[in-house]
Amino acid sequence: MAVQTIAENTTSSVDLGPAAALSCRECGERFELGPLFACASCFGPLEVAYDLPAGSPEELRKRIEAGPNNIWRYAPLLPVPADVAEKPNINPGFTKLVKADNLARELGVTGGLYVKDDSGNPTHSFKDRVVAIAVEAARAFGFTTLSCSSTGNLAGAVGAAAARAGLRSCVFIPHDLEQGKVVMAAVYGGELVGIEGNYDDVNRFCSELIGDPLGEGWGFVNVNLRPYYGEGSKTLAYEICEQLGWKLPDQIVIPIASGSQLTKIDKGFQELIKLGLVEEKPYKIFGAQAEGCSPVSAAFKAGHDVVRPQKPNTIAKSLAIGNPADGPYVLDIARRTGGAVDDVNDEQVVDAIKLLARTEGIFGETAGGVTLGVTKKLIEAGVIDPTLTTVVLNTGDGLKTLDAVSATSQATATIKPSLDAFRAAGLASA
Ligand SMILES: *Cc1c(COP(=O)(O)O)cnc(C)c1O
């Protein structure tokens, strides 16, 4: 991993609001804000450290509630300048938290079941949250090209955000992604490069590019801007608690690709507790993977602390990261909170996509199928408690992964435009 020194790319005048420094998740060493992602001493991942806002929880809550209906209402808790909402950005967030009573009935959940539906973001996945934060870091550090290694959704989010921000974009994806993801990544007019390999090959390639003069002036949202990018996922935690009336859920089920989202949702809950915005109480975090790419689930079940990489083979391509960067931290969080990590096969993924659509009118992508599939499995296994408040994430839109359900979702009948033909089809109401 290439480590850039602070002097090369930062000045102390960087304004990212309450962000004070980067600190190493492993050894705690602090660094000036800059496009760094690994600790110069121990190579541990860097995280944003804050001067969190002073004042009473009531004041802060009021300030947030008076903010815009997007993630910028939480600007005082994010590494972004105070005037962020006035800049051209795609303004993601404040997506619906749907009380899923039909689904709850079907799954036997009595404690309240909610779907946080992030398909409602501007490019129809949760990735708009992380990219919006990374754009502010890219602007602050003077990058002119926005880039990423992507399993699909990130490429589209970067393309759109760069277009709005007036930055060039050049994004990298595995060459064999779903058509919907490819089109979404290309339509915003940036460069899109298909790499002959899987996501882990793409990511390795991007790490090489960062260390090479070819990648100079490039902000890779999930590599050299990763500490900032990750903070975007905290907004899911903030929104869920605010939408529950400033309360923590008892249980939450989160899909895992690199594991960044899951670890940052936990960080978001912890910050809300520290700030007094929610009452402290235990919560359990559950992680969901597809069987065909389940390195974290396998490690959890085996009781291991390290994650052994896998070669992905699943229809849940947005989660197909065989060597997840935040895997060990996900294991820590699942164990510390009394949660679990589990996986479901592709057939169960498809069944869960259709279950969510049939019961709640929400068409999720394969990642949503993975998350609901694992939720169902863990309820049946008695691991998720049906008497507690439970939130399930749907992180993307089913229109992007039509192939998963197209074989089994077709017209019930095709008929001539006549009442006789309709009668013969046997579909008239009784
Ligand atoms: C990227 C992605 C995730 C999870 O990503 P992490 O790398 O674990 O943060 C979940 N769902 C969808 C749809 C995604 O695109």
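Residue numbers run from 1 in the order of the sequence given. Keep in mind that the numbers below use all heavy atoms, side chains included, and drop hydrogens, waters and symmetry copies. Whatever order the structure lists them in is the order used to number ligands and atoms, beginning at 1.
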Inset, instruction - List the steps, then state whether side-chain contact (heavy atoms from CB on, under 4.5 Å) holds for E136 with N89. - result: CA-CA 9 Å; E136 296 312 315; N89 208 305; 2.9 Å; yes

Inset, instruction - Among all protein heavy atoms, pick the one closest to atom 5 (O) of ligand 1 and tell me residue, atom and distance. - result: A257 CB, 3.5 Å

Inset, instruction - Could you tell me the residue and atom name of the protein heavy atom closest to atom 14 (C) of ligand 1, and the distance to it rounded to 0.1 Å? - result: K127 NZ, 2.9 Å

Legend entry - E365 neighbourhood, listing ligand 1 atoms whose heavy-atom distance to it stays under 4.0 Å: 13 (C)

Legend entry - For S260, the ligand 1 atoms whose distance to one of its heavy atoms is below 4.0 Å: 6 (P), 8 (O), 9 (O)

Inset, instruction - For the residue pair E365 and S318, confirm or rule out a side-chain donor-acceptor distance under 3.5 Å. - result: yes

Legend entry - Atom indices of ligand 1 within 4.0 angstrom of S318 heavy atoms, with elements: 13 (C), 15 (O)

Legend entry - Atoms of ligand 1 close to L319 [distance to a heavy atom under 4.0 angstrom, numbered from 1]: 3 (C), 10 (C), 11 (N)

Legend entry - Per-residue contact class, T395 against ligand 1 - non-hydrogen pairs under 4.0 Å: both

Inset, instruction - Heavy-atom contacts with G259 under 4.0 Å: which atoms of ligand 1 show up? List them by number with element. - result: 6 (P), 7 (O), 8 (O)

Inset, instruction - Mark up the atoms of ligand 1 that fall under 4.0 Å of a heavy atom belonging to P255, in ascending order. - result: 10 (C)

Inset, instruction - Using a strict 4.0 Å threshold on nitrogen-to-oxygen distance, state whether D250 and K281 make a salt bridge. - result: yes

Inset, instruction - Before signing off on this row, confirm whether N153 and ligand 1 have an N or O atom pair separated by under 3.5 Å. - result: yes

